[in-house]
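The structure under discussion appears below in the form of structure tokens.
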Amino acid sequence: NVKPRLSCWAGYTKGGASMKLYLNGKKITQKAAKAQVGEARFKAMVKEAKAAFREDPYEEISWWIGSGILVFDFEFDC
């Protein structure tokens, strides 16, 4: 496994990564995702997705939500 540059990783731990959401391969907004799964479940999913990303930034983070597969995609801001 190739880890991201250390400066990028340090930036992520301070919030230096952006999050994008995809439902069945189409980009959606956080508002649309919250409408699909509910506010509380969405917050829990974001928390779990961030923890999974910190553990392995190259792993796909996704959930089956009934209407399709919701994918969380993180990118370093550096």
Side-chain angles (χ1 to χ4, degrees):
N1 266 346
V2 176
K3 291 282 184 184
R5 292 190 325 247
L6 185 56
S7 60
C8 288
W9 189 252
Y12 170 71
T13 58
K14 297 176 185 174
S18 60
M19 180 178 74
K20 295 180 183 172
L21 302 170
Y22 297 90
L23 181 60
N24 294 328
K26 295 181 181 177
K27 190 173 177 182
I28 63 168
T29 63
Q30 288 187 22
K31 184 177 180 179
K34 288 176 189 176
Q36 291 281 329
V37 300
E39 181 83 28
R41 183 173 178 208
F42 182 75
K43 283 184 179 182
M45 291 168 91
V46 169
K47 184 176 180 179
E48 189 175 333
K50 286 181 178 180
F53 180 71
R54 279 190 211 105
E55 193 173 305
D56 183 1
Y58 300 105
E59 177 182 305
E60 180 180 277
I61 304 163
S62 59
W63 280 268
W64 172 255
I65 61 169
S67 60
I69 297 176
L70 179 64
V71 176
F72 285 72
D73 183 34
F74 292 93
E75 293 180 359
F76 289 108
D77 295 336
C78 56

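The structure presented is a predicted model; accordingly, all values stated were derived computationally and were not measured.
Of all non-hydrogen atoms in Val71 and Ser62, the two that sit nearest each other are CG2-CB, 3.8 Å.
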Would you check, one step at a time, whether the test side chain to side chain contact (heavy atoms under 4.5 Å, CB included) holds for Arg54 with Lys50? CA-CA 6 Å; Arg54 279 190 211 105; Lys50 286 181 178 180; 4.2 Å; yes

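Side-chain contact check for Trp63 versus Val37: every heavy-atom pair is 4.5 Å or farther apart.
Note that CD1 of Ile65 and CE of Met45 are 6.5 Å apart. Values are rounded to the nearest 0.5 Å. Note that CD of Gln36 and CG of Leu21 are 11.5 Å apart. Values are rounded to the nearest 0.5 Å. Taken to the nearest 0.5 Å, the OH atom of Tyr58 stands 8.5 Å off from the CZ atom of Phe53. We find the CD1-CG distance between Ile69 and Leu23 to be 9.0 Å, quoted to the nearest 0.5 Å.
Trp64 and Tyr22 fall within a single hydrophobic cluster, where Ile, Leu, Val, Met, Phe, Trp and Tyr side chains are chained together by heavy-atom contacts under 4.5 Å.
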